[in-house]
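Here is the structure we will look at.
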Amino acid sequence: MNGGRAGPGLRCLVTGATGYIGGRLVPELLAARHQVRCLARSPEKVSGHPWAAEVEVVAGDVTRARSVADALRGMDVAYYLVHALDTGRGFEDTDRTAARIFGEQARAAGVRRIVYLGGLTPADVPERELSPHLRSRAEVGRILLGSGVPTTVLRAAVIIGSGSASFEMLRYLTERLPVMVTPRWVRTRIQPIAVRDVLRFLVGSATMPYDISRAFDIGGPEVLTYRDMMVRYAAVAGLPRRGIISVPVLTPRLSSLWIGLVTPVPPSIARPLTESLRHEVVCRDRDIERYVPAPASGPIGFDEAVRLVLQRVRDAQVTTRWSSASPPGAPSDPLPTDPDWAGGSLYTDRRELVVDASREALWRVVEGIGGENGWYSFPLAWAARGWLDRLVGGVGLRRGRRDAQRLRVGDSLDFWRVEEIEPGHLLRLRAEMRLPGLAWLELYAEQDENGRTRYRQRALFHPHGLLGHAYWWGVSPFHAFVFGGMARNIARAAARAPRTGPAEPRPTP
């Protein structure tokens, strides 16, 4: 990777650069003439971002002291944007350990400031009564403040931005349910904040005086209930007025299942979000503006934030999404190299077709797969697999795509993730559905020795235990319909697509 942009600014380390906030913060720091280094567990995920060539990328993990020390060497400011909504049992221990390592190594490296984005906690509520998610974020903030390095802890409630989990939850609930029976937390008072203002505070914190080390509440100019936000979202989006009836019987667990049913946000993420809404989260002060003044126009209000988000969605300019980071428990092993694979069974389904279209037309179809375009094969089977995945706690098909036409490494794509992309040639997807093993899907656009366009497709499965083998042999009779149909329909779509322009939507099988 190339070094950071030259300039008079500070040297900044960004952890979580492939996540929702981190992926947006990096270009803002570069625009402010700072030099940026990114710490990433999977550096290849950074490569697809338009700013990748302007930053230095180092491989590492915040739970490993050596890699953290290497990443922090020579840095002035360190952004700590690593946390988990819920990674199952022990996630609080993991967050605690990582924060301690980061604070200790930042002090040893002579870092002059740590900046952390945490959650806004309610006033006068004992910490033991907070949700595990908020409690862990508060603890991480305290650990960093006690590290001996001047630290800015920014505490935000609901972030309104294109692709944020909080906003996607609000958006889909409002758009899909003209009348809804809701939990009582919809009447909880919240102070939402536009993601643009969050980024402004994050960037501004880098130059805060070194004698300042404390937490700051950050929020937008309005205090609203979740019900208010749904009603006002509908008005800004031009939807009919929504009927909202709140009842006291929906627990956070039931709420998360209900949200998982209606929205793309899976219950594993929805639950900590809804648990955080049980208590009022309103800023207790606006002291941050003494160090990061508001623009002349003031902070962005809720309605304007929604308008900006909807415009970005319409213009297909959603740069990062809540699903940019891999979900808890998702497989991360790279595709086994072959034919040298010696790690056990590796089942393969291969399909290959000559396509009556240019290689470019075929590639447009390949890169446009998933989301609204579908999977070019037996829609009912794919839908059923998505529902089954959600029933067992997986992500299902509803994550869709970040961009309708373009993909980059690390993008979520329904229940897949882009593991590798060679523009015009190869798209490799890694399955993030719940499976008794690891699975990949490869799609190739090629040209043979006779100049003909050829489509090649390969599905691979590495089973875990007897259940994994049973799974493969149980579903293999359906491969002719699913994978065979996919190959045929992709070839047909490419042949029917115009010679220029985007690929056609999925044809009827």
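Excluded from the calculations below are hydrogen atoms, water molecules and symmetry mates; all remaining heavy atoms, backbone and side chain alike, are included. Positions are given from 1 along the sequence.
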Side-chain donor-acceptor pairs of residues 232-242 under 3.5 Å, sequence neighbours excluded:
from : atom 1 : to   : atom 2 : distance (Å)
R232 : NE     : D303 : OD1    : 3.1
R232 : NH1    : E222 : OE2    : 3.1
R232 : NH2    : E222 : OE2    : 2.7
R232 : NH2    : D303 : OD1    : 3.3
Y233 : OH     : E175 : OE2    : 2.6
R242 : NE     : T174 : O      : 2.8
R242 : NH1    : P240 : O      : 2.9
R242 : NH2    : T174 : O      : 3.3
R242 : NH2    : E175 : O      : 3.3

Heavy-atom side-chain contact between [X] and [Y] under 4.5 Å:
X	Y	answer
Y471	L435	yes
V418	L427	yes
R24	V195	yes
M486	Q457	yes

E419 bridged to R417 by N-O distance under 4.0 Å
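Answer for the salt bridge query: no.
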Under a 4.0 Å threshold between the charged nitrogen and the carboxylate oxygen, would R428 count as salt-bridged to E442?
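Looking at E442 and R428, the cut-off is met.
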Is there a donor-acceptor contact under 3.5 Å from the side chain of [X] to the main chain of [Y]?
X	Y	answer
E367	L407	yes
D197	I193	no
T453	A357	yes
N373	G368	yes

First locate atom CD of E92, then atom NE2 of H133, and finally report the distance between them rounded to the nearest 0.5 Å.
11.0 Å
Only counting residues at least two apart or in another chain, list the ones meeting side chain to side chain contact (heavy atoms under 4.5 Å, CB included) with R488.
L353, R492
Just say parallel, tilted or perpendicular for the rings of W472 and F461, cut-offs at 30° and 60°.
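W472 vs F461 ring planes: parallel.
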Kindly give the heavy-atom pair with the smallest separation between L154 and L202, and that separation in Å.
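Answer, listing the atom of L154 first, then L202: CD1-CD2, 3.7 Å.
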Minimum heavy-atom distance L120-L134, with the two atoms named:
O-CD2, 3.9 Å
As a quick check of understanding, evaluate ring pair (Phe, Tyr, Trp, His ring centres under 6.0 Å) for H462 and Y347, giving each step before the final call.
CA-CA 6 Å; H462 172 41; Y347 293 116; 9.5 Å; no
